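Written out below as structure tokens is the structure these notes cover.
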Amino acid sequence: QVQLVESGGGLVQPGESLRLSCAASGSIFSINTMGWYRRASGKQRELVAVHIADGRTNYADSVKGRFTISRDNAKNTVSLQMNSLKPEDTAVYYCNAVIRPGASTPFYDYWGQGTQVTVSS
């Protein structure tokens, strides 16, 4: 059984930083992409940052230069360093991973339960 667990969310003031972490566990044969999405209240889920298996990264325009995604393939973890946080960054942040559970299975899209990030003065 594959599980993604996020941690690191919380309440911070504008301009401060947070670091989110996500760990994948369970039956994992291989992992393709790992990334972060967020959903603000009343809005659709959007991609924040993704780390593709070939090493490429992609960021939402709104977070470029402020957020950095990193990945540890040996530990099956992905992190998101968030600097210079703004009130508009307030959202539930979800870890996402495309994982192949077994050698004879296809890849599936997995999601964590989410962690709340609130940026407010």
Side-chain angles (χ1 to χ4, degrees):
Q1 184 175 350
V2 175
Q3 185 178 37
L4 301 180
V5 179
E6 304 102 332
S7 62
L11 173 64
V12 297
Q13 294 184 324
E16 295 183 339
S17 299
L18 280 175
R19 184 176 179 86
L20 305 182
S21 296
C22 172
S25 62
S27 181
I28 300 173
F29 181 78
S30 64
I31 301 178
N32 191 296
T33 61
M34 299 189 79
W36 292 92
Y37 291 72
R38 68 186 182 188
R39 185 182 185 277
S41 180
K43 298 182 179 180
Q44 286 190 302
R45 183 184 63 195
E46 65 173 347
L47 184 145
V48 178
V50 62
H51 189 291
I52 304 171
D54 63 6
R56 293 180 296 156
T57 58
N58 188 35
Y59 296 89
D61 289 340
S62 60
V63 308
K64 287 180 179 177
R66 299 188 298 120
F67 291 11
T68 302
I69 188 170
S70 60
R71 178 174 172 177
D72 187 332
N73 292 327
K75 297 181 179 180
N76 293 331
T77 60
V78 63
S79 298
L80 185 69
Q81 178 66 43
M82 305 185 295
N83 298 327
S84 301
L85 283 162
K86 304 175 180 180
E88 51 263 44
D89 295 318
T90 296
V92 177
Y93 285 71
Y94 297 91
C95 179
N96 170 254
V98 179
I99 297 174
R100 188 177 187 176
S104 62
T105 70
F107 284 91
Y108 296 96
D109 202 23
Y110 294 91
W111 295 89
Q113 294 299 308
T115 184
Q116 177 71 47
V117 172
T118 302
V119 185
S120 177
S121 59

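Note that this is a predicted model, so its numbers are computed, not measured. Hydrogens, waters and symmetry mates are skipped; everything else that's a heavy atom, side chains included, is used.
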Interatomic distance, [X] atom [atom1] to [Y] atom [atom2] [nearest 0.5 angstrom]:
X: Glu88; Y: Ser62; atom1: CD; atom2: OG; result: 8.0 Å
X: Leu47; Y: Asn96; atom1: CG; atom2: CG; result: 8.5 Å
X: Phe67; Y: Leu20; atom1: CZ; atom2: CG; result: 8.0 Å
X: Asn76; Y: Arg71; atom1: CG; atom2: CZ; result: 8.0 Å
X: Asp72; Y: His51; atom1: CG; atom2: NE2; result: 10.0 Å

Are [X] and [Y] connected in the hydrophobic side-chain network, where two residues link if heavy atoms are under 4.5 Å apart?
X: Val12; Y: Val63; answer: yes
X: Val98; Y: Tyr108; answer: no
X: Val50; Y: Trp36; answer: no
X: Met82; Y: Tyr59; answer: yes
X: Leu85; Y: Ile69; answer: yes

Quick one: does any side-chain atom of [X] pair with a main-chain N or O of [Y] as donor and acceptor, under 3.5 Å?
X: Arg39; Y: Ala91; result: no
X: Ser79; Y: Ser70; result: no
X: Asn32; Y: Ala97; result: no
X: Gln113; Y: Glu6; result: no

Nearest heavy atoms of [X] and [Y], plus distance in Å:
X: Arg19; Y: Gln81; value: NH1-OE1, 3.3 Å
X: Leu80; Y: Ala49; value: CD1-CB, 4.1 Å
X: Asn83; Y: Ser17; value: OD1-OG, 2.9 Å
X: Ser121; Y: Pro14; value: N-CD, 3.8 Å

A side-chain contact here means heavy atoms from C-beta on lying under 4.5 Å apart; do [X] and [Y] qualify?
X: Arg56; Y: Asn58; answer: no
X: Ser104; Y: Phe29; answer: no
X: Cys95; Y: Val78; answer: yes
X: Tyr110; Y: Pro101; answer: yes
X: Ile31; Y: Asn73; answer: no
X: Leu4; Y: Ile99; answer: yes

_Working note: Lys64 + Asp61, criterion salt bridge (Lys or Arg N to Asp or Glu O under 4.0 Å); need CA distance, chi angles, decisive distance, verdict._
CA-CA 5 Å; Lys64 287 180 179 177; Asp61 289 340; 3.1 Å; yes
_By the definition side chain to side chain donor-acceptor pair (under 3.5 Å), identify the one residue from Thr115, Asp89, Thr90 that meets it with Arg38._
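Among Thr115, Asp89, Thr90, the one that satisfies the side chain to side chain donor-acceptor pair (under 3.5 Å) with Arg38 is Asp89.
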*Name the orientation class of the two ring planes belonging to Tyr94 and Trp111 (parallel below 30°, tilted from 30 to 60°, perpendicular beyond 60°).*
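Plane angle over 60°, so perpendicular.
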*Would you please say whether a donor-acceptor pair under 3.5 Å links the side chains of Thr118 and Gln116?*
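A donor-acceptor contact under 3.5 Å links the two side chains.
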